[in-house]
Structure formats: C-alpha cells, structure tokens
Enquirer: 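Just dropping this structure here.
None of these values were measured; they are calculated from a predicted model.
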Amino acid sequence: MPELAADLHNTVNRDITKMKPSAIRAFDMEVSQIPGILKLTLGEPDFNTPEHVKKAAVASIENNDSHYSTTRGKLELRKAISGYLKRTRGLDYSAENEIVVTIGATEALTATILALLNPGDKVIIPTPAFSLYFPIVELAGATPVLVDTSDDGFVLTPDRLEEEINRAGGGVKAVMLNYPTNPTGRNYSATQLQVLADVIENHHLMVIADEIYRTLTYDGVEPASIATMIPSRTVIIDGLSKSHAMTGYRLGFLAGPANFVEQASKAHGFLVTTATDTSQAAAIEAFNNGDDDPVLFRKAYKKRRDFLQDALTKLGFDLATPNGAFYMFVKIPAQYGKDDWQFGLDLAHQAKVGIIPGSAFGPGGEGYFRISYAASDEDLHEFISRLTTFMNNLN
C-alpha cells in the first residue's frame, strides 16, 4: 500500500488539512459500529422513490440514455424545473439561462458559493445550521459569520441580521438561509422573510436560499420563498432528495439571475461536468408529474412528529417544536450540562440509539441533540422505549 512521499507531506492544501470531516457523518460513523444500534442520525427518508419516477429511470437505461448531457442539464429537465418553480412559487425562470441541474443540493451550494465569493468575503449563516455550509464557504477563502439564533426561537430576526452586518465591519457579501431548517425544523413565514429581505436589499447583499425541505411543512404553515421578494438578489437551492425520497439519485438544481447563473454554471462544470442522464430522466418525471408525491410523505412525517413531541414531552424533554422538515431538536438532560457529545455517546452505548449532538450544527446547538424522524413508526416507538429505559436509569 503506497504512502505519501515524506518530501510531499507539506504540499497538500493547508486549508483542507485544518478542516475536520463533517461532524454529522463522523458521529454517525462512530456509533454505527455499535451492534444493535437504532439510528436516527441522518436525513434519509425511509420511503421508496415513487413508482412512476422509478419507471422513468428504468426507461432511460433501457433506451441507452448514457451519454454526456449538456453542462447545465437536459433542456427538457430545465423546462420541467422552470414549470415547477412557476407552479410552486409563482416565479419565472428561463430554462435556457437561469437554471443549472446539479449533483444534489450540496453541489448546487458549492457551485453557487465558489461562483459568488472571493477570499476575504463574509457570509452570514444563522445557526444551528447544516454544518456543511461552513467548510464550503471556507473552501472559497471566505469567512462564515455564525449567528446563534437560539434566543430567538431558532430563527434569524431582522434586528439581529442588521446587528451582525454592522458588527462584521464590512466584507459581508451574502446571507445563507435554510427554511424549513435543518436541524431545528423551524420555518420562516412570508412576513418573516420579507423583513429579512428588506435588510438584505438595504445592504446590497445576495441571499442563498436553501429550500430543499420546502415541500415538508406542517400546521398550516404555507411554504414561502424569499425569491418572490428579492429575485434579483436570490439564488434558490432545491432538489428531489427529501421531497421524493431520492437521496441516492443526487439530483438538485440552482436557479437565479442569468448573469450570476452563468458563473455558477462554470463552477458546476469544473466540479462535475454534468448530472447523470438516468437521474435527469427520473427528475423530468418527478417535476412534471410528481407534485402530489410529497403529500403522503408529509402526512406520515407530521404523524411521527406529533408522536415524538408528545412522548418526549412526557419524558420531561424540552424541544423546539418543528413546523417543517423531519428533524426534532431536543435539549439534553440537565445532568449533562451542555455536553451533548457525551450524551450522544452514552445514549448510543447504553441504549443502543444513535442521534446527532447539537454542537455539530454550530453555535446555539450546544446542549441539544437532533433526531431524524425520517424513520419507520416501529423504529420511532422503539426509540422512545429505549430512551425511556435510559432516562429511568439516569434518574
């Protein structure tokens, strides 16, 4: 097995060596080694991809649809996405030059950030947040400005945004928003987004709107998009992983003003060349004929959320009630202080349950843990049973 030559040890990218792997993935991998572990760690829908979407993928393979696509994705797919954005948000995006098909939402984020940022720029990110945001910004040579929202119900307020922009002392170029939010499940209403849009516009900033969980909202909360308010300043990030249980298809997209999308398309092409034909064929079917597919998923997730909220409250846990996505952010027992990592390890080894420590999601996450309820009803009931035993032994 080859080892890197001794005289090359200092030739690797210094910024990469300073970065740690994803804390979410690292913790998941660590507890996955425990025999009999019940994992509620990752945002992986337990549903199957809808049959009509799978059939489109199979037909693509059978028809030898196996050649390089255009860099921005098949025009037919971009037209389908354009129609989807029109139906769901009332927005007009040109299939020709305002949409890029990507390898999942993560690559859409990466291409967007690489096209937007220069070394020394700053990006405001409300936390707790999906931790992959932080290193992507750093890879561009920019600085993530992490804003703890835990005292404001886990949402960014306009006053706090204004305060953080001024505190940054210049160099702020963009704001990263995710709604509904991973890990808290908190959502932003149209009114909340509008007041943030006003601040963003007043300070001449861009906004990266990660709307990957848009189809999964509860309690009568209508999905809103900041792109309807400041379209000339917004890049939408979305995809099919969560809405259609298609995580393995790795199919996402970005949409925004044409002159910016032209640059993001370059970054996308340098990273991956193009998305796969079969995934694109499945996506055409999903975007054209799959608007109703998330409805059953959403109903099941809400039922699971309600069950967990009731059960955890009865066990004495405090939590941030999620009105979207499929995560629950729960305060750890008082005995642990804010050491959520140790709590997660104890829970994994003693109760055979895998969760994600809240500190993995940045400031404001300390002292919490995240549950993914994209799991079967049986697994969630078993989780509560094991957690109950753990808490009784703890007390």
Enquirer: May I ask you to decide whether R305 forms a salt bridge with D219, counting only side-chain N to carboxylate O separations under 4.0 Å?
Expert: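 Salt bridge: yes.
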
Enquirer: Are the ring centres of Y373 and Y327 closer than 6.0 Å?
Expert: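 No.
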
Enquirer: Could you tell me whether E211 and R89 make a salt bridge, using a distance below 4.0 angstrom between a side-chain N and a carboxylate O?
Expert: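 Yes, charged N to carboxylate O under 4.0 Å.
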
Enquirer: Under a single-linkage definition using a 4.5 Å side-chain heavy-atom cutoff for Ile, Leu, Val, Met, Phe, Trp and Tyr, are I212 and V235 assigned to the same hydrophobic cluster?
Expert: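 Different hydrophobic clusters.
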
Enquirer: Name all residues meeting the salt bridge (charged side-chain N to carboxylate O under 4.0 Å, His left out) criterion together with K20; count only those two or more places apart in sequence or in a different chain, and write none if there are none.
Expert: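 Salt bridge (charged side-chain N to carboxylate O under 4.0 Å, His left out) list for K20, sorted by chain: empty.
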
Enquirer: Taking everything shown except R25 itself, do over 12 heavy atoms lie less than 6.0 Å from its CZ?
Expert: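 No - once you tally the heavy atoms of other residues, nucleotides and ligands closer than 6.0 Å, there are 12 at most.
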
Enquirer: Determine, for R304 against D46, whether the closest basic-nitrogen to carboxylate-oxygen distance falls under 4.0 angstrom.
Expert: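 A salt bridge links R304 with D46.
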
Enquirer: Taking C-beta and beyond as the side chain, do E138 and D15 meet within less than 4.5 Å on heavy atoms?
Expert: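 No, side chains not in contact.
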
Enquirer: So V101 and L251, do their side chains get closer than 4.5 Å, heavy atoms only?
Expert: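 A side-chain contact under 4.5 Å exists here.
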
Enquirer: Heavy atoms, side chains only, cut-off 4.5 Å: are D377 and K303 in contact?
Expert: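 A side-chain contact exists here, since the closest heavy-atom pair is under 4.5 Å.
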
Enquirer: Looking at D238 and R214, is there a salt bridge between them, counting it only when a charged N and a carboxylate O are closer than 4.0 Å?
Expert: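 No, R214 and D238 are not salt-bridged.
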
Enquirer: For a quick test of reading the model, state the closest non-hydrogen atom pair linking T149 to P126 and the distance between them.
Expert: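 Taking T149 first and P126 second, the nearest heavy atoms are CG2-CB, 3.8 Å.
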
Enquirer: Inspect the contact between K79 and E76 and indicate whether a charged nitrogen and a carboxylate oxygen are less than 4.0 angstrom apart.
Expert: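 Between K79 and E76 there is no salt bridge, as every charged N stays at least 4.0 Å from the carboxylate O atoms.
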
Enquirer: Going by an N to O cut-off under 4.0 Å, is there a salt bridge joining D318 and K331?
Expert: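 So D318 does not pair with K331 through a salt bridge.
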
Enquirer: Between T127 (side chain) and G364 (backbone), is there a donor-acceptor pair under 3.5 Å?
Expert: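 No.
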
Enquirer: Answer yes if the ring centres of F47 and H244 are under 6.0 angstrom apart, and no otherwise.
Expert: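 Distance test on ring centres: not under 6.0 Å, no.
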
Enquirer: Would you indicate whether the side-chain heavy atoms of M328 and Y368 approach each other to under 4.5 Å?
Expert: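 Sidechains of M328 and Y368: no contact.
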
Enquirer: Between F130 and F361, does the ring centroid distance fall short of 6.0 Å?
Expert: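 When the ring centroids of F130 and F361 are compared, they turn out to be at least 6.0 Å apart.
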
Enquirer: Any side-chain heavy atom of V172 sitting closer than 4.5 Å to one from V123?
Expert: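 In short, these two side chains do not touch, never coming nearer than 4.5 Å.
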
Enquirer: Taking K55 first and then E51, would you say they form a salt bridge - that is, a charged N and a carboxylate O separated by under 4.0 Å?
Expert: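 No, no charged N to carboxylate O under 4.0 Å.
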
Enquirer: With rounding to the nearest 0.5 angstrom, report the CG to OG1 distance, N393 to T388.
Expert: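 Output value for this atom pair is 11.0 Å.
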
Enquirer: What's the separation between atom CD in Q263 and atom OG1 in T112, rounded to the nearest 0.5 Å?
Expert: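 It is 12.0 Å, given to the nearest 0.5 Å.
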
Enquirer: Is the gap between the ring centers of F297 and F326 under 6.0 Å?
Expert: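 No, the ring of F297 stays outside the 6.0 Å limit from the ring of F326, centre to centre.
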
Enquirer: Quick check on E162: does its CD atom have over 12 non-hydrogen neighbours (other residues, nucleotides or ligands) under 6.0 Å away?
Expert: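 Enclosed: over 12 neighbouring heavy atoms sit under 6.0 Å from CD of E162.
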
Enquirer: Does any part of the side chain of V353, heavy atoms only, come nearer than 4.5 Å to the side chain of K39, both counted from C-beta?
Expert: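 Result no, sub-4.5 Å side-chain heavy-atom pair not found.
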
Enquirer: Output the distance between atom CD1 (I24) and atom CG (D28), rounded to the nearest 0.5 Å.
Expert: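 The CG atom of D28 is 9.5 Å from CD1 of I24, to the nearest 0.5 Å.
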
Enquirer: Would you say CE of M19 has more than 12 non-hydrogen atoms from neighbouring residues, nucleotides or ligands within 6.0 angstrom?
Expert: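 Correct, the count exceeds 12.
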
Enquirer: Between E262 and K266, is the closest basic N to carboxylate O distance under 4.0 Å?
Expert: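 Salt bridge: no.
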
Enquirer: Restricting to pairs with a member in residues 272-296, which pass ring-ring contact (aromatic ring centres under 6.0 Å, His included), not counting sequence neighbours?
Expert: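 The answer is Y84-F287, F253-F287.
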
Enquirer: If you define the side chain from C-beta out and look only at heavy atoms, does anything of H268 sit under 4.5 Å from T71?
Expert: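 The answer is yes, as the side chains (C-beta and beyond) meet within the 4.5 Å cut-off.
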
Enquirer: So, do S279 and R250 sit near enough that their side-chain heavy atoms are less than 4.5 Å apart?
Expert: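 They are not in side-chain contact.
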
Enquirer: Calculate, to the nearest 0.5 Å, the distance between atoms CD1 and CZ belonging to I332 and F369 respectively.
Expert: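 Reported to 0.5 Å precision, the distance equals 9.0 Å.
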
Enquirer: When you look at R370 and D340, which way does the salt bridge (Lys or Arg N to Asp or Glu O under 4.0 Å) test go after all the steps?
Expert: CA-CA 10 Å; R370 189 194 75 175; D340 48 76; over 6 Å; no

